[in-house]
Amino acid sequence: MSEILEKLNEAQRQAVVATEGPVMVIAGAGSGKTRVLTYRVAYLLELGVDPFHILALTFTNKASREMTARIIALVGNSEAKNVWMGTFHSVFARVLRIEGHRLGYPSNYTIYDSDDSKRVIRNLIKENTLDEKLYQPGYVAQRISAAKTSLISADEYESNPEIQEYDNAAGKPLTGKLYMQYRSRLMRSSAMDFDDLLFNMNILLRDFPDVLIKYQQKFKYILVDEYQDTNYAQYLIVKKLAANNENICVVGDDAQSIYGFRGANIQNILNFKSDYPDYKVFKLEQNYRSTKTIVEAANNVILNNKNQIFKEVWTDNDEGSKITLLHASTDNEEGNLVAQAIFEHKMNQQLPNSSFAILYRTNSQSRIMEEALRKLNIPCRIYGGVSFYQRKEIKDMLAYYRLAVNPRDEDALLRVINFPARGIGKTTVEKLIVLADEFKKSLFDLIESPPSTVRFPESTWAKVTGFITMIKSFGALLKTKNAFEMAKHIAASSGLIKELHEDKTPEGVSRFENLEELFNAVKEFTETPRTNPETGEIEENVVRTLDEFLQDVALLTDADFGDKDDTDRVMLMTVHSAKGLEFPYVFVVGLEENLFPSIQSLNSRTDLEEERRLFYVALTRAQVKLSIAYAENRYRWGNLTVCEPSRFISEIPEKLIDFPKRSQPKKESFMSSDNFSNMLEGLNLPPRKFAAQTPQKSSLQQNPKLPPPKPFLPPVDPAISSLPPSEIEDIHTGMDVQHERFGKGKVVAIEGIGPNKKATVFFSGIGQKQLLLKFARLRIAE
DNA sequence: ACCGTATTCAGCGCG
DNA sequence: TGAATACGGT
């Protein structure tokens, strides 16, 4: 019927055309999951289904954008744009803007991110004069979040004896009280946190039958991506929305469920058949991503898990090369081995940096990898870390925006009432908070219309009301100016720009630049046409205002922002953030017991299985070549700890692994490492710098002409370079040189010194190449 | 109000 | 180890 279907394999096609009734698609890694989802939407549209009746839910903005783009490519812009496609949070935030009044929220309610929530909780803990060491904001936040995710309200939490007992046993009997206070504080601020978006959506569907019916009729076809990652609140929303039509299609891979720790429930996918007895299941088992070696390794690893849906992932791709195991004596050496391996692959095969990814279990491992790459002048980009929107200067600026839109937002008010400093001190703020509690008013309402008993010193009161007046003036301009004009106005009137501009320290300059970035984002938003929240339709020529910007921004993360840096870099990220991505060359590092698997996972089978799925995710990111690495010694929390190789390594069949050759006595392996480990071993060996100057040859070498891999050779191995260090010094601009692969060339330029000495060489017929001399094996031509 | 020092934390983190 | 925040002194 349709040309759409021609580009699918049999299993994919079946999953796409089964449009009616409950469908579960079990999609192995690299099996074309997104393809099925996008083609299914396109197919529905082709069948004549109204795009407004299709709801497609994803977990990340990125996934949602990607799907939108692909559907547009298939069916064109006008149809695709009208599909309700987005993350759980963004879609239900939209619904709550429309329906939230039933629960007492205005349509301009503010969304608190997890930092905002924690700030509120921290303040509450202080106000209650509780011991901050016992009641850690993070802990309390997590308890509240877990409760909301399980749809337990503050009242239910407080009155539930089992929960009370649990908190008593934990020595934190007042957690429930904090939950109650937190709830009223947010309510008073007209704010919802991320969990509230899902919680309140559930309440709407539970308590307001007309709302339930309205959205059941609206969303006739529902698709859910990454179903294995849904938590209870998300699961229940989907179930309720789908209850009438049961045209629900969930796609996922139980083997890639790695978010149990934040409430994702793998049982949701395992229980699909009991929820929808007449369901159809389709398994996508052909992997299009990786070599046979990689697929086989991953299959064998995941086989060790008990709790899973049976499937057999296979591939038609080549056998590929074996998995390289890099064995280092220390974490620093691990970094060096990986960096060298990347360097050699790059040089031998002229690959871009972006074909490499280094994946680790914890963010703290990124620094060593970054340093090792820097030593070899390999540019890299670290994902994660402090997100753009979490930076203080951005949060401060956004707090002014938030106040303009919703002056009752107390978190925002407390953040900037005295920043830049305007003489409103701690004492004043504390008094105001006490009064706000007493009169059950938001801080803003209290200051705007104070009860007659409230008395403040004249000058103090002038400052406070001055601030409030400024906020009100922002609010008054909101609907007349566009977002960008408004942003500029607020930045100037609040004094924030001046404050930062005067700070000439490097940090200050960087903060200022971040604000410029924010303005760019606002400008871009201002120039993007509006989507009607009720219908999803695109409305041209409508002024975009700052309150709309804020609604968008609350649900964005840095992953949605700094993507402008598309320069060619090696990617460094945690395994978690690598999910859904693929790279030709992947290095999974830190494969040690207590690190990967993490020490916290060793107590329960469930946690260990999740950890194994995480390893499975790591392995299946690789397309061409996989390398895994571990170190014998590693700094953790400031001390050197001795590590054992991860059990996961032994779960990969030996025949798939290229083991490090141990032709040298073991102590030789310390020769290249950093000085600390040398001291440990009581060896008097060259200092740290030396490792960088004379890198070892890693076992990743692919050139068949070279001798077999010898990862632990002493530093000056003739196989590394035909050029001893002194000879490197002899290479100068203008010289004719000979390269093993590129032939004769002329040195155009020299830069860097010592180990990082680089030559730009022009090879006739090939062009200009940058070569790091210690690797390039250049000979001076006659 | 502000700065420098002390202390604390370190598992992964979508929205 | 290192960064981010809290505190205490001026």
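Convention: sequence-line order gives letters A, B, ...; per-chain numbering from 1. Note that these values count all heavy atoms, side chains included, but never hydrogens, waters or copies made by symmetry.
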Name of the residue among A:Tyr360, A:Phe615, A:Tyr630 meeting ring-ring contact (aromatic ring centres under 6.0 Å, His included) with A:Phe596:
A:Phe615
A:Arg122 side-chain N/O to C:dA6 phosphate OP1/OP2 under 4.0 Å
yes
Is A:Arg361 touching bases, backbone alone, or none of the nucleic acid, heavy atoms closer than 4.0 Å?
base
Do any side-chain nitrogens or oxygens of A:Asn61 fall under 4.0 Å of OP1 or OP2 in B:dG15?
yes
Stacked pair A:Phe194-B:dC14, distance under 5.5 Å, angle under 30°
no
In whole angstrom, what separates A:Arg262's CZ from B:dC14's C1'?
4 Å
May I have the distance from A:Tyr235 (atom OH) to B:dC14 (atom C1'), rounded to whole angstrom?
21 Å
Provide the distance between the two P atoms, one in B:dG13 and one in C:dA4, to the nearest whole Å.
16 Å
Base, sugar-phosphate or nothing for A:Ser601? Non-hydrogen atoms, less than 4.0 Å.
nothing
Whole-Å distance, A:Lys126 NZ to C:dT5 P, equals 12 Å
About how many Å separate CG of A:Asn108 and CG of A:Leu550, when rounded to the nearest 0.5 Å?
10.0 Å
Atom CG of A:Asp115 and atom P of B:dG15 are separated, to the nearest Å, by 14 Å
Would you confirm whether A:Tyr109, through its side chain, and A:Ala93, through its main-chain N or O, come within 3.5 Å as a donor-acceptor pair?
yes
Can you tell if the side chain of A:Lys395 reaches within under 4.5 Å of the side chain of A:Asp116, non-hydrogen atoms only?
yes
Which part of the nucleic acid, if any, lies within contact of A:Asp229, taking any heavy atom under 4.0 Å across all strands shown: a base, the sugar-phosphate backbone alone, or nothing?
nothing
Once you round it to whole Å, what is the distance between C1' of B:dC12 and CG of A:Leu581?
15 Å
In whole Å, I'd like the distance from the CG atom of A:Asn200 to the C1' atom of B:dG15.
15 Å
Would you indicate what A:Glu611 reaches in the nucleic acid, counting non-hydrogen atoms under 4.0 angstrom: base, sugar-phosphate, or nothing?
base
Does a donor on one side chain sit under 3.5 Å from an acceptor on the other, for A:Glu99 and A:Tyr215?
yes
Are any of A:Asn363's side-chain N or O atoms less than 4.0 Å away from OP1 or OP2 of B:dA10?
no
Separation of atom OH in A:Tyr139 from atom C1' in B:dG11, rounded to whole Å:
18 Å
Report yes if at least one side-chain N or O of A:Gln365 is closer than 4.0 Å to OP1 or OP2 of B:dA10; otherwise report no.
no
Would you say a side-chain N or O of A:Thr87 is under 4.0 Å from OP1 or OP2 of B:dC14?
no
At under 4.0 Å, does any side-chain N or O of A:Asn231 touch on OP1 or OP2 of B:dC14?
no
In whole angstrom, give the distance that lies between atom CZ of A:Arg367 and atom C1' of C:dG2.
7 Å
Quick check on salt bridge (Lys or Arg N to Asp or Glu O under 4.0 Å): which of A:Glu644, A:Glu593, A:Glu334 does A:Arg634 satisfy it with?
A:Glu334
Base, sugar-phosphate or nothing for A:Ser598? Non-hydrogen atoms, less than 4.0 Å.
base
